[in-house]
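As structure tokens, the structure follows; a few thoughts come after it.
Numbered from 1 within each chain, the chains take letters A, B, ... in sequence-line order. None of the values given here were measured: they were computed from a predicted structure.
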Number of protein chains: 2
Amino acid sequence: MAQRTRADALSRERIVEAAVELLDADGERGLTFRTLTERLATGPGAIYWHVPNKGELLAAATASVIGDALTVATTGSPWEEIRALGIGLFEAIDRHPWLSAQLAVQLSRSPWSSVTPRIFDSIGRRVSALGVPEATWFTATSALAHYIFGAAGQNAANARVLRSGGTDRAEYLRAAASAWEELDPAEFPFLKSIADQVREHDDREQFLTGIDLILTGITAQGRT
Amino acid sequence: MAQRTRADALSRERIVEAAVELLDADGERGLTFRTLTERLATGPGAIYWHVPNKGELLAAATASVIGDALTVATTGSPWEEIRALGIGLFEAIDRHPWLSAQLAVQLSRSPWSSVTPRIFDSIGRRVSALGVPEATWFTATSALAHYIFGAAGQNAANARVLRSGGTDRAEYLRAAASAWEELDPAEFPFLKSIADQVREHDDREQFLTGIDLILTGITAQGRT
DNA sequence: ACCTGAACACCGTTCAAGT
DNA sequence: ACCTGAACACCGTTCAAGT
């Protein structure tokens with residue numbers, strides 16, 4: 001077969017789509033140019049014609065998956081919409097756990113290109129509608145964004161442990177709580193004291209409580 | 001030379017120390033087993049005798065650098081100590097920018113081993129001393145930790161751009177602000193509106209404002 | 001017990017050559 | 001313009017052999 005027919009022609013979109021599938025299936029180590037060329041039945045040169053390098057491919061995969069999570073109904077109060085945005089990102093990271101490390105890498109490599117501006121704008125738009133002084137907008141947006149990524153990533157990590165091991169959720173939490181209780185109280189007094197809270201908490205609910213906490217801070221600080 | 005004399009004997013500590021130096025000098029791509037063996041004047045086998053693999057080496061380098069940042073004076077109010085802790089981590093990440101992505105990777109890979117418990121305990125201890133209900137401790141601690149890592153990482157990324165390029169800070173901020181102002185207002189209304197705030201802000205001060213914001217939320221929510 | 005260094009499997013990337 | 005596939009430089013890791 002010389003050139004491809006139009007139906008199976010390679011394109012940036014098809015490559016990114018395949019990359020996301022490989023990442024979902026096996027995490028970051030699941031995506032290599034070998035697995036990618038195999039799945040797309042082509043050679044590395046063909047992929048490099050559409051994509052400059054692996055970093056850009058990962059960035060494109062991240063942008064593609066985050067994009068959907070940022071489109072949220074605009075029918076609620078700003079507070080409600082921020083919660084909805086948080087849940088959307090929370091679930092995206094839960095479905096695609098590789099997003100967590102990838103977002104951090106992108107943020108720390110090129111903070112103001114690629115996907116970051118869209119996330120900041122999406123959150124910031126609602127923050128500016130909360131009715132707090134303009135001087136607080138940027139810091140408030142940044143606090144929300146970092147909390148969402150961090151907490152969602154941590155949840156995804158827990159979820160991954162749960163899926164990979166055969167253990168169920170209750171058992172996992174019980175094991176974690178017991179492990180904390182056996183920590184040296186001189187070195188880890190706090191973890192020890194909250195060990196039993198971990199036993200019966202709901203991840204989603206706790207995540208939303210954190211968003212409410214920050215929103216409370218934003219509005220309270222804005223008022224003083 | 002057959003075996004090493006006692007003075008230059010290899011050890012886990014010496015390997016980790018060399019790894020940190022390489023990471024500081026050139027980021028994550030600066031640390032390979034070739035550069036490491038070269039600096040330590042040895043072969044890969046010698047390193048593998050002290051360290052199980054590269055992942056563990058990165059984890060050890062992270063723990064070594066974070067450890068110092070977590071020891072903070074215990075003479076202030078909980079609120080003040082949390083601010084001091086934040087500044088300590090902020091500066092550690094500023095000095096060792098590779099920490100940012102590394103902490104995210106560690107958190108998302110094995111959330112409750114390695115360095116995470118120590119960070120959580122260090123922050124959580126002060127949170128529990130704030131006088132808010134115990135039910136809020138864990139969420140509050142998590143919000144603080146994620147904000148600190150995220151915001152510090154973003155600052156480090158900006159700082160790295162500044163150091164690598166020849167541009168100075170004022171010029172960089174002016175360029176960023178101008179770029180935001182030229183964004184499509186339909187797609188990025190928020191970034192456009194805060195473009196001029198970016199021109200004259202202090203990173204450290206803004207970082208601390210964010211911590212105060214979250215602490216305000218914690219204590220306000222605890223009161224209702 | 002601790003170290004040497006050649007060898008292995010695998011990775012991202014390039015490029016002359018084809019259509 | 002788009003694709004092929006061999007080749008290159010480099011990476012983490014292993015292991016038989018030494019002292």
To the nearest Å, give me how far apart CG (B:Leu58) and C1' (D:dT13) are. 15 Å

Between B:Ser11 and A:Arg29, just flag the one whose closest nucleotide in DNA chain C comes earlier from the 5' side. B:Ser11

note: B:Leu57, atom CG; D:dG12, atom P; distance rounded to Å ~ 10 Å

Looking only at side-chain atoms of A:Tyr48, point me to the closest of C:dC3, D:dG12, C:dT14. C:dT14

A:Leu40 atom CG is separated from D:dT4 atom P, nearest whole Å, by 10 Å

Give the nucleotide from the list C:dT13, D:dC3, D:dG12 with an atom nearest to the side chain of A:Trp49. D:dC3

Complementary nucleotide for C:dA17 - Watson-Crick or wobble, under 3.5 Å: none

What's the CD1-C1' distance between A:Ile47 and C:dT14, to the nearest Å? 14 Å

A:Leu58 and side-chain contact (heavy atoms from CB on, under 4.5 Å): which partner among A:Val105, A:Leu23, A:Val16? A:Leu23

Determine: side-chain N/O of B:His50 to OP1/OP2 of C:dC3, distance under 4.0 Å, yes or no. yes

Just wondering, more than 12 heavy atoms not from A:Glu28 lying within 6.0 Å of its CD? no

Side chain of B:Asn53, heavy atoms from C-beta onward: which of C:dC3, D:dT13, D:dC3 has the nearest atom to it? D:dT13

Here the distance between atom P of D:dC3 and atom CG of A:Leu10, to the nearest Å, is 5 Å

Heavy-atom nearest nucleotide on DNA chain D for B:Phe33 versus A:Gly45: which residue maps closer to 5'? A:Gly45

Could you tell me which nucleotide pairs with D:dC8 by Watson-Crick or G-U wobble geometry, both distances under 3.5 Å, or answer none if nothing does? C:dG12

DNA chain C: 5'-proximal contact among A:Gly55 and B:Arg34 (nearest heavy atom): B:Arg34

Closest nucleotide among C:dG12, D:dC11, D:dT4 to the B:Thr32 side chain: D:dC11

From the candidates C:dC3, C:dG12, D:dG12, the one with an atom nearest any side-chain atom of B:Ala9 is C:dC3

Would you kindly give the CG-to-P distance between A:Leu22 and C:dC11, to the nearest whole Å? 12 Å

Take atom CD in A:Glu181; do more than 12 heavy atoms of anything else shown fall under 6.0 Å from it? yes

Keeping the roles fixed (side chain from A:Ser178, backbone from A:Arg174), state whether a donor-acceptor pair exists under 3.5 Å. yes

Can you tell whether the side chains of B:Glu91 and B:Arg204 come within less than 4.0 Å, N to carboxylate O? yes

Among C:dC3, D:dT13, C:dT13, the nucleotide that comes nearest once only the side chain of A:Pro44 is considered: C:dT13

